[in-house]
Amino acid sequence: MNYTEVPPLGDRGLILVTGGLGFIGSHTVVELHNAGFEVVIIDNLSNSSIDVLKGIEKIIGVQPAFVQLDLRDKKSVQDFFKTHTDIQGVIHFAASKAVGESVENPLLYYENNINTLVYLLQELQLKEKANFIFSSSCTVYGQAEVMPITEDAPVQQPISPYGNTKKIGEEIVKDVAKISSINAILLRYFNPIGAHPSAEIGELPLGVPQNLVPFITQTGVGLRKELSVFGNDYPTPDGTAVRDYIHVVDLAKAHVVALQRLISGKNTEKVEVFNVGTGKGSSVLEVITAFETVSDEKLPYKIVERREGDITIAYANTDKANSVLGWSAQSTLEEALASAWKWERKIRG
Ligand code: UD1
């Protein structure tokens with residue numbers, strides 16, 4: 001695979017990665033290391049495993065610094081910043097992300113995703129200079145009217161509390177940046193999939209996966225009987241819903257270039273927003289076909305009703321990330337699926 005090269009940064013800085021043992025966080029830790037950054041990870045292990053540290057170590061050859069800490073504990077956050085005064089940038093992944101669970105337990109989501117953001121920003125606004133990358137989501141666009149989706153497409157009222165935490169999170173970052181020395185980049189992810197090509201780290205869904213690709217790979221290894229395709233009566237070419245699936249390693253590299261932009265002071269606004277996707281839409285049936293090609297397995301599936309809250313189509317216009325960040329996704333859907341498949345087979349032994 002030929003990924004965008006990340007130029008090494010001259011002076012090494014300590015970067016805090018919250019949620020750094022999670023799916024996107026762990027891949028970003030690897031890419032930060034590759035780009036010459038020193039990293040300290042905070043994670044409360046609520047949706048990750050300490051084994052991920054070993055996976056990262058196998059890839060980069062050293063174990064990154066790790067602090068087990070729950071960001072909902074304000075005092076611990078304050079203490080952390082008292083003992084880590086040399087942090088040059090923060091990439092904030094730590095958050096809950098299950099849409100259905102957020103509908104059932106909204107306050108858990110507001111506490112996990114909003115309180116923690118507030119506590120972090122309270123510490124960062126005390127600094128002379130702070131660089132902050134926030135994990136946002138294309139969910140803030142709802143069903144956009146125009147495809148591909150540009151960053152200036154209107155933000156809509158999200159259907160789920162999870163989506164709302166991303167919308168509110170963006171607003172909080174913007175408000176705080178206005179009155180402080182914080183510079184920030186909001187990255188709106190499309191659909192992250194795949195795993196590191198080494199298969200040392202990847203996605204570890206809790207329970208039955210809600211997302212398409214982990215459900216497919218678990219069906220492929222026989223852990224699930226069949227995939228339910230949620231609706232084939234959408235106004236799309238084959239009737240199934242269309243998304244922009246981006247390889248998690250490409251997504252991780254977008255964080256590194258965004259951070260380098262902030263650190264080198266090249267940002268033109270206090271808060272910049274970028275879509276992070278491939279720019280290409282794929283239907284559920286196209287993903288199934290691509291998976292069958294790379295795995296050489298027949299995937300059992302049936303068509304069922306649409307899933308409540310799902311949109312028809314979403315794929316990114318990535319012109320801004322391409323021209324301003326000099327970043328573009330390098331992996332194909334097939335490469336991303338092949339890496340997810342390799343990872344799934346490895347963890348199932
Ligand atoms: C979902 C979340 C979104 C979140 C993103 C994180 C919802 C409504 N949205 O996006 O807020 O940011 O995950 O990755 O949950 N599908 C099936 N069968 C399955 C699973 C999925 O057909 O078993 C279909 C879905 O209907 C959808 C596509 O596959 O068309 C992708 O689904 P998924 O991976 O859950 O992502 P999103 O729904 O796009």
Side-chain angles (χ1 to χ4, degrees), residues 19 22-25 27 47 93 95-104 109 113 134-144 147 149 155-167 169-170 186-194 202-220 223-248 251 275-278 281-291 299-316 333 336-337 340:
F23 175 42
I24 307 170
H27 290 82
N47 190 17
F93 293 106
S96 298
K97 60 175 181 182
V99 174
E101 184 187 43
S102 79
V103 175
E104 282 156 26
Y109 274 66
N113 297 5
F134 179 67
S135 297
S136 190
S137 166
C138 67
T139 196
V140 300
Y141 297 118
Q143 179 55 74
M147 289 300 134
I149 304 171
V155 166
Q156 294 190 30
Q157 185 55 42
I159 296 165
S160 71
Y162 159 76
N164 208 23
T165 65
K166 293 300 172 190
K167 175 173 175 279
E170 288 196 357
L186 314 176
L187 295 179
R188 291 179 178 159
Y189 311 154
F190 281 66
N191 289 56
I193 62 164
E203 196 167 2
L204 286 167
L206 276 183
V208 181
Q210 305 302 306
N211 294 118
L212 178 64
V213 170
F215 202 103
I216 287 179
T217 54
Q218 288 197 6
T219 308
L223 218 60
R224 312 277 157 213
K225 197 166 120 279
E226 63 186 352
L227 169 76
S228 294
V229 174
F230 297 140
N232 68 348
D233 58 351
Y234 284 103
T236 60
D238 66 21
T240 63
V242 169
R243 298 287 185 276
D244 184 337
Y245 296 93
I246 175 161
H247 195 307
V248 65
L251 175 55
N275 284 340
V276 191
T278 66
S282 304
S283 72
V284 177
L285 292 181
E286 283 171 337
V287 175
I288 294 172
T289 305
F291 172 76
L299 189 85
Y301 73 88
K302 63 169 183 225
I303 309 289
V304 301
E305 290 293 292
R306 292 181 182 192
R307 179 170 68 181
E308 204 187 318
D310 271 357
I311 54 166
T312 302
I313 180 165
Y315 58 94
L333 177 64
L337 289 169

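Note that the structure is predicted; figures quoted are calculated from it, not measured. Indexing begins at 1, ligand by ligand and atom by atom, following the structure's order.
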Heavy atoms of other groups near Y301 OH, more than 12 under 6.0 Å: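 No, the 6.0 Å shell around OH holds no more than 12 heavy atoms from other groups.
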
Could you report the tightest heavy-atom contact between [X] and [Y], atom names first, then the distance?
X: E170; Y: S136; answer: OE2-OG, 2.6 Å
X: M147; Y: I313; answer: CE-O, 3.3 Å
X: T219; Y: E226; answer: CG2-CA, 3.8 Å
X: R306; Y: P235; answer: NH2-CD, 4.3 Å

Note every protein N or O atom lying under 3.5 Å from an N or O atom of ligand 1, pairing the names and giving the distance.
| unit_1 | atom_1 | unit_2 | atom_2 | d |
| --- | --- | --- | --- | --- |
| ligand 1 | 12 (O) | S137 | OG | 3.3 |
| ligand 1 | 12 (O) | Y162 | OH | 3.4 |
| ligand 1 | 13 (O) | N211 | ND2 | 3.0 |
| ligand 1 | 18 (N) | S228 | O | 2.7 |
| ligand 1 | 22 (O) | S228 | O | 3.4 |
| ligand 1 | 22 (O) | F230 | N | 2.9 |
| ligand 1 | 26 (O) | D310 | OD2 | 2.5 |
| ligand 1 | 34 (O) | N211 | ND2 | 3.2 |
| ligand 1 | 34 (O) | L212 | N | 2.8 |
| ligand 1 | 35 (O) | Q210 | O | 3.4 |
| ligand 1 | 35 (O) | N211 | ND2 | 3.1 |
| ligand 1 | 35 (O) | R307 | NH2 | 2.8 |
| ligand 1 | 36 (O) | N191 | ND2 | 3.1 |
| ligand 1 | 38 (O) | R307 | NH2 | 2.9 |
| ligand 1 | 39 (O) | N191 | ND2 | 3.0 |
| ligand 1 | 39 (O) | R243 | NE | 2.5 |

Is a side-chain donor or acceptor of N47 paired with a backbone partner of G22 at a separation under 3.5 angstrom?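 Checked: no pair found.
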
